[in-house]
Amino acid sequence: MARGLLVTSQSKATSRLVLTCISRVSSPPRFTKVHFSSNNIRFSLSIPSPNRLLCTCSDVQNETIDMARYREAFAKRMAMAGLQPHHRIALGVSGGPDSIALCVLAANWKTNTPNAARGQDSNFIVGLLAIIVDHGLRAESKEEANIVSRRVLDMGIRCETTCCEWSDGRPKKGHLQEAARDRRYQIFQNVCCQHQISVLLIAHHADDQAELFILRLSRNSGVLGLAGMAFASQLYSTDPDSTNEASKNHGILLVRPLLEFSKEDLYKICQGDSQEWVEDPTNQSELFARNRIRIALKKLSSYTLNSDIQAVISACRTTRLYVDQFCGNLINQLVTIMAQGYAVIDTQILNPSKIKDICLSKFIALVLQFVSQRHRPVRGSALKLLLDYFRTFPCKASFTAAGCYLCPAPGSKGTKVLVCCSVDFSLPLKVELFRKLSLEGNKHFFLPDIAQIIADGRTHVDHLVRDASNVHFLDVTSSESVLLEARRLNILSESTYQTVLSLQRNETKNFRSKTEELSDYELKNEVKSVGPSVSEALKPGQIGYFMDRFLVKWELMEKIALDTHSLAEAASDLNFKGERKGCDCSSCLMCHNKEAHVRQMVNADWLYLAELSQGAHIEISEKQRVFFVQKMEQLNGKTNMCAEYARISAQRALMLLKTIPVAARRSLPVLANSQGQLLCIPSVGFKHCPCLTVFAVFKPRVPLGGGYSSFF
């Protein structure tokens with residue numbers, strides 16, 4: 001959040017600016033003058049103390065600001081996102097010139113355009129909420145957040161200020177910006193959900209895109225990464241809607257309507273509307289990569305450099321748009337998602353040998369990211385091995401990569417590939433407990449609203465996808481090859497090419513110098529691999545989110561009548577007939593279980609079911625056989641009826657498990673008691689007792705394809 005220096009702008013045509021101190025003082029102290037310039041605006045800062053800044057600022061250009069042009073451009077952008085003034089919208093506001101300009105344009109669009117939102121409350125604009133996040137990383141941040149809040153309220157925009165809580169301690173300097181960003185966006189999502197708002201506007205602009213372009217060049221990103229930030233994308237909550245098993249997780253729609261506005265444009269918008277803003281002095285610190293790049297770009301700024309960089313970014317975005325649509329079509333045609341949480345890819349129809357590397361690698365990454373719910377890029381040697389794996393037809397081997405286990409689908413003779421979640425991936429296994437009513441009321445709002453907005457947004461971009469022959473960079477293999485191809489196509493001038501190359505190399509050196517520090521951090525925060533022994537406790541009535549993939553819930557009824565109907569439910573079509581008796585769960589395996597442990601299925605569970613069913617003929621060790629027989633004798637000694645129910649339920653479960661590939665079984669959630677005894681495998685209907693009510697629904701946090709995004 002931009003903090004530290006409050007800027008005010010008078011409404012006169014001379015655009016005379018006065019910067020006032022955030023912390024008011026009763027008498028003027030002595031100051032030291034510092035001068036700097038940003039774009040075409042010259043700032044003069046007087047610094048009375050380390051935390052108090054008193055400044056004056058004047059625009060070097062004496063010009064009339066055409067606010068109508070900016071408003072018209074903004075309205076067109078909102079229409080391209082599928083947004084109309086009646087939609088409920090939130091704004092991410094830091095108080096800097098970027099977000100204040102966003103407030104100015106959004107407020108005008110809401111109130112002064114056709115079909116504008118109207119309401120009885122004349123003090124505030126209907127359906128517009130500003131969200132201010134106080135990161136709490138500096139002593140004065142609370143006061144500054146309150147000042148920004150008052151400025152936004154004066155604009156007629158409702159405002160909510162939230163303070164970050166760092167329960168694990170303040171983030172380290174090298175990871176401060178990343179940690180603050182993650183926490184900020186989580187707060188944005190939470191506030192939007194609380195207020196039933198499905199759209200969030202962020203004030204990223206063209207200069208931000210240029211900085212990100214250089215940053216990703218230095219990290220050797222491919223052309224898809226060099227496309228920068230999406231104009232619109234879906235942002236998914238860590239907790240899905242648990243109130244409706246069938247509903248989809250639509251999250252919220254994040255829109256960046258200022259991506260084609262320059263920083264200078266945003267200053268002018270603030271001036272033209274006589275608005276105050278905040279300048280953050282820490283943006284001058286070269287400790288952070290973005291700041292270093294921003295400072296370097298300002299020193300080298302010229303019309304040719306700026307326009308050339310934007311032209312390359314535009315060409316990368318065109319490539320990204322084409323690849324995204326191509327992969328979307330492949331997913332619709334070739335991928336089948338099973339209820340047990342694995343995917344099947346028809347490689348015979350895919351015909352990988354005729355698909356360009358950039359498209360095939362993106363397609364593979366999307367499927368693997370969905371199955372594993374690990375949304376990290378697939379790069380380097382892992383990506384090369386995956387491409388080779390899919391281009392070997394028919395598929396005959398198994399392969400583990402990016403949190404997934406790949407193997408030929410049974411019976412397909414290698415023409416289909418199974419993609420299952422690996423149980424040995426290097427991320428912590430988390431079962432997130434949350435109340436059933438935590439997202440109550442959002443399901444009806446999000447589904448029709450955001451789905452229609454996305455549909456309207458698609459109509460503006462679908463026709464923009466060109467034929468592959470007109471798309472640049474489909475055959476490039478590295479960031480430097482993007483620059484070379486851009487120079488060959490005259491997208492980059494020779495001078496710009498050399499400047500960008502120099503910026504890339506300088507930042508690469510800075511990045512490499514941090515490698516040892518980052519490695520030390522990762523070693524100290526090493527994450528254990530997921531293994532069969534990892535489990536999390538779940539109490540009755542609570543809902544667990546297993547591996548970001550399955551919603552799991554269980555409850556225990558105190559008493560249930562065991563008659564022909566309830567036993568037939570377990571037996572399915574086995575036509576079991578039993579006498580009517582009562583089952584008191586104080587005397588069966590569920591006795592005194594106040595919590596169940598959720599873990600993935602292991603081989604021992606299959607063996608236990610086989611012994612429990614008394615009908616499966618399998619090879620097991622003598623030690624295992626004695627263990628299972630003892631458990632059965634213990635169970636039968638307590639309640640024969642419950643044991644009979646468990647036996648029939650196990651028979652049914654074994655029949656269903658045989659239809660699920662072995663690799664896919666390993667990631668199914670199961671419930672066990674505190675001693676490790678298997679209680680339930682909800683995906684195949686096994687449970688030890690009819691008093692046990694369990695459901696497990698495959699409901700991944702992020703949908704296949706990563707959700708809607710627009711890079712037009």
Side-chain angles (χ1 to χ4, degrees), residues 204 206-231 233 259-260 289-290 292-294 296-297 300-302 304-327 355-366 376-384 386-387 464-512 709-712:
H204 290 130
D207 292 33
D208 291 328
Q209 287 281 54
E211 293 166 16
L212 184 59
F213 178 77
I214 302 298
L215 179 65
R216 290 185 173 175
L217 274 176
S218 70
R219 307 302 192 259
N220 199 29
S221 290
V223 61
L224 302 184
L226 296 177
M229 294 173 281
F231 167 66
S233 58
L259 283 182
E260 291 197 0
R290 278 187 171 273
R292 291 193 298 269
I293 295 169
R294 183 183 308 117
L297 284 171
L300 300 168
S301 181
S302 68
T304 300
L305 176 67
N306 297 340
S307 61
D308 281 4
I309 290 177
Q310 295 300 328
V312 178
I313 295 173
S314 179
C316 291
R317 293 172 77 79
T318 300
T319 306
R320 176 73 186 255
L321 189 64
Y322 171 82
V323 172
D324 284 353
Q325 181 152 333
F326 185 89
C327 291
I355 299 177
K356 290 183 178 293
D357 281 1
I358 190 173
C359 295
L360 183 58
S361 59
K362 178 66 174 178
F363 166 73
I364 295 170
L366 289 173
R376 297 177 176 179
V378 183
R379 294 176 178 152
S381 58
L383 180 57
K384 185 179 184 303
L386 280 167
L387 289 173
L464 297 176
V465 179
R466 306 174 184 178
D467 182 81
S469 60
N470 296 319
V471 178
H472 305 308
F473 308 144
L474 285 176
D475 296 312
V476 299
T477 57
S478 67
S479 58
E480 289 196 7
S481 62
V482 170
L483 297 181
L484 288 169
E485 182 66 6
R487 183 178 64 172
R488 187 186 71 82
L489 296 169
N490 292 322
I491 299 174
L492 284 181
S493 65
E494 180 62 30
S495 62
T496 300
Y497 170 79
Q498 294 297 337
T499 300
V500 170
L501 202 60
S502 175
L503 289 169
Q504 176 197 15
R505 290 170 178 169
N506 289 338
E507 186 51 41
T508 299
K509 290 178 182 178
N510 285 317
F511 175 66
R512 287 175 179 170
S709 63
S710 173
F711 283 84
F712 77 93

May I ask you to decide if [Y]'s main-chain N or O and [X]'s side chain share a donor-acceptor pair within less than 3.5 Å?
X      : Y      : result
Thr508 : Gln504 : yes
Gln209 : Met229 : yes
Glu507 : Ile293 : no
Arg487 : Tyr497 : no
Ser361 : Asp357 : yes

> Would you find more than 12 non-hydrogen atoms of other residues, nucleotides or ligands less than 6.0 Å from Glu260 atom CD?
Replying inline: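 For Glu260, atom CD is not crowded (no more than 12 foreign heavy atoms under 6.0 Å).
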>> Under 3.5 Å, is there a donor on one side chain and an acceptor on the other for Ser493 and Ser495?
In response: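 Side-chain D/A pair, Ser493 to Ser495: present.
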>> Can you confirm whether the side chains of Asn306 and Ser301 place a donor and an acceptor under 3.5 Å from each other?
In response: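 Note: Asn306 and Ser301 side chains meet the donor-acceptor criterion.
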Nearest 0.5 Å please: distance from the [atom1] atom of [X] over to the [atom2] atom of [Y].
X      : Y      : atom1 : atom2 : answer
Asp475 : Ser481 : CG    : OG    : 10.0 Å
Leu321 : Leu224 : CG    : CG    : 11.5 Å
Ile491 : Ile309 : CD1   : CD1   : 13.5 Å
Leu483 : Arg488 : CG    : CZ    : 14.0 Å
Arg294 : Glu211 : CZ    : CD    : 4.0 Å
Leu386 : Ser381 : CG    : OG    : 9.5 Å

Side chains of [X] and [Y]: closer than 4.5 Å at any heavy-atom pair?
X      : Y      : result
Leu474 : Val323 : yes
Asn220 : Arg379 : no
Phe231 : Arg317 : yes
Cys359 : Tyr322 : yes
Phe213 : Leu297 : no
Ser218 : Leu215 : yes
Val223 : Arg320 : no
Phe326 : Ile355 : yes

Between [X] and [Y], which heavy-atom pair has the shortest distance, and what is it?
X      : Y      : answer
Phe711 : Gly228 : CE2-O, 3.3 Å
Val312 : Ala486 : CG2-CB, 4.0 Å
Asp324 : Ser709 : OD2-OG, 3.9 Å
Arg216 : Gly225 : NH1-O, 2.6 Å
Gln310 : Ala206 : NE2-O, 3.1 Å
Ser479 : Ser221 : CB-O, 3.3 Å

> Does the pair Ile364 and Val378 meet the rule for a side-chain contact (heavy atoms from CB on, under 4.5 Å), with working shown?
Replying inline: CA-CA 9 Å; Ile364 295 170; Val378 183; over 6 Å; no
> Of Val500, Leu501, Leu503, Leu212, which is the lone residue that meets side-chain contact (heavy atoms from CB on, under 4.5 Å) with Leu217?
Replying inline: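 Of all the options given, the one that passes is Val500.
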